[in-house]
Amino acid sequence: MKLAVYPGSFDPLTNGHLDIIQRSLKLFDRVIVAVAHNSAKNALFTMEERKALILECANDPRLEVDAFTGLLVDYARRRGASAVVRGLRAVSDFEYEFQMANMNRKLTHDVEHVFLMTNEENFYISSRLVREVASLGGDVKDLVPAPVLERLRHAFPARA
Ligand code: PNS
């Protein structure tokens, strides 16, 4: 049974994330979407909101949504995952992902990193840009699933 962890902040879930979740379910028997408690980032949505939105948008019996604190590799090992999945968009993602994967590999050899490419429509989407555009009144309906759009409209009433 091949289990993968797909970690991230998911603040909020975007169509790019959904694409990666669906691709990873084709490769692994089970996938855990692991939402990181990241104290360095000022989150728009609470952990519970982020988890609920992922569950609502990506409901699959082989998918679990969880939260984690501490090191990702410790979490992955504790859960018995053999791989960490990350999405790759443009070249700019590479350096950050390369650093993280190598640091994780320094910490453990028990977990492999698998990088999946989003489809080209999602190449430019990031949670950070979605938050910024929505907060400034821009239209993000093609970038996020409908339940996330709904929550953004709630967060930025006269805008998103
Ligand atoms: O969606 P993000 O914000 O790019 O995800 C980054 C995340 C959560 C995967 C990364 O920050 C992480 O793994 N955090 C857990 C703490 C940890 O293991 N840090 C060392 C990474 S080399």
Side-chain angles (χ1 to χ4, degrees), residues 2-25 27-28 30-58 60 63-135 140 142-145 147-149 151-152 155:
K2 289 283 178 205
L3 171 66
V5 170
Y6 176 32
S9 304
F10 303 103
D11 185 35
L13 180 82
T14 66
N15 287 345
H17 293 133
L18 262 187
D19 184 18
I20 297 298
I21 290 172
Q22 277 145 13
R23 285 172 200 278
S24 59
L25 281 168
L27 296 176
F28 296 94
R30 283 183 49 227
V31 174
I32 301 172
V33 178
V35 186
H37 278 284
N38 196 340
S39 52
K41 288 192 178 177
N42 227 343
L44 172 62
F45 294 114
T46 66
M47 173 60 73
E48 288 316 311
E49 286 173 320
R50 284 180 273 161
K51 280 171 52 182
L53 279 172
I54 298 166
L55 265 183
E56 191 176 345
C57 301
D60 187 292
L63 193 76
E64 178 185 333
V65 181
D66 195 12
F68 77 101
T69 48
L71 286 176
L72 170 62
V73 288
D74 289 342
Y75 174 78
R77 249 196 321 226
R78 201 163 59 241
R79 295 303 312 265
S82 54
V84 165
V85 168
R86 291 284 288 173
L88 267 190
R89 290 164 303 189
V91 191
S92 51
D93 276 347
F94 181 78
E95 193 170 337
Y96 173 56
E97 297 298 335
F98 182 79
Q99 276 186 339
M100 275 206 308
N102 279 287
M103 180 59 80
N104 286 341
R105 189 181 277 168
K106 183 93 188 137
L107 297 169
T108 182
H109 286 285
D110 292 345
V111 182
E112 287 300 330
H113 289 72
V114 175
F115 295 98
L116 297 177
M117 273 169 56
T118 55
N119 64 23
E120 60 279 10
E121 282 159 45
N122 298 324
F123 257 159
Y124 64 100
I125 307 177
S126 73
S127 296
R128 185 182 63 78
L129 283 182
V130 163
R131 286 196 305 271
E132 185 173 321
V133 171
S135 74
V140 294
D142 292 337
L143 315 182
V144 295
V148 174
L149 186 65
R151 295 289 300 141
L152 285 168

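Indexing begins at 1, ligand by ligand and atom by atom, following the structure's order. Sequence positions, counted from 1, serve as the residue numbers for this chain.
For F10, the closest heavy-atom approach to ligand 1 does not fall below 4.0 Å.
Remark: aromatic rings of F10 and H17 are close, center separation under 6.0 Å.
A donor-acceptor contact shorter than 3.5 Å links the side chain of N102 to the backbone of F98. Between the side chain of T108 and the main chain of R105, no donor-acceptor pair closer than 3.5 Å is present. In this structure a side-chain-to-backbone donor-acceptor pair under 3.5 Å is present from N15 to D142. Side chain of D11 to backbone of F45: a donor-acceptor contact under 3.5 angstrom is found. Looking at R30, its side chain never comes within 3.5 Å of a backbone N or O of A4 through a donor-acceptor pair.
Using a 4.0 Å cut-off between heavy atoms, R86 contacts ligand 1 through its side chain alone, with no backbone atom that close. Within the 4.0 Å heavy-atom criterion, the part of A36 lying near ligand 1 is the side chain and not the backbone.
The shortest N or O to N or O distance between L72 and ligand 1 is below 3.5 Å. For ligand 1, one of its N or O atoms has an N or O atom of S9 under 3.5 Å away.
Between D66 and R79 there is a salt bridge, with a side-chain nitrogen of the basic residue lying less than 4.0 Å from a carboxylate oxygen of the acidic one. The pair R78-D74 does not meet the salt-bridge criterion, since no charged nitrogen lies less than 4.0 angstrom from a carboxylate oxygen.
The nearest pair of heavy atoms linking F123 to L88 is CE2-O, 4.0 Å.
In this structure, atom 20 (C) of ligand 1 lies nearest to the protein heavy atom L71 CD2, 4.1 Å. Looking at atom 6 (C) of ligand 1, its nearest protein heavy atom turns out to be Y96 OH, 3.5 Å. For atom 21 (C) of ligand 1, the closest non-hydrogen atom on the protein side is N104 OD1, 3.8 Å. The nearest protein atom to atom 14 (N) of ligand 1, hydrogens excluded, is given as F68 CZ, 4.4 Å; this is a heavy-atom distance. What sits closest to atom 10 (C) of ligand 1 on the protein, heavy atoms only, is M100 SD, 3.8 Å. The closest protein non-hydrogen atom to atom 16 (C) of ligand 1 is G70 O, 3.4 Å.
Not a single protein heavy atom sits closer than 4.0 Å to atom 12 (C) of ligand 1.
In the vicinity of M103, heavy-atom distances shorter than 4.0 Å reach the ligand 1 atoms 22 (S).
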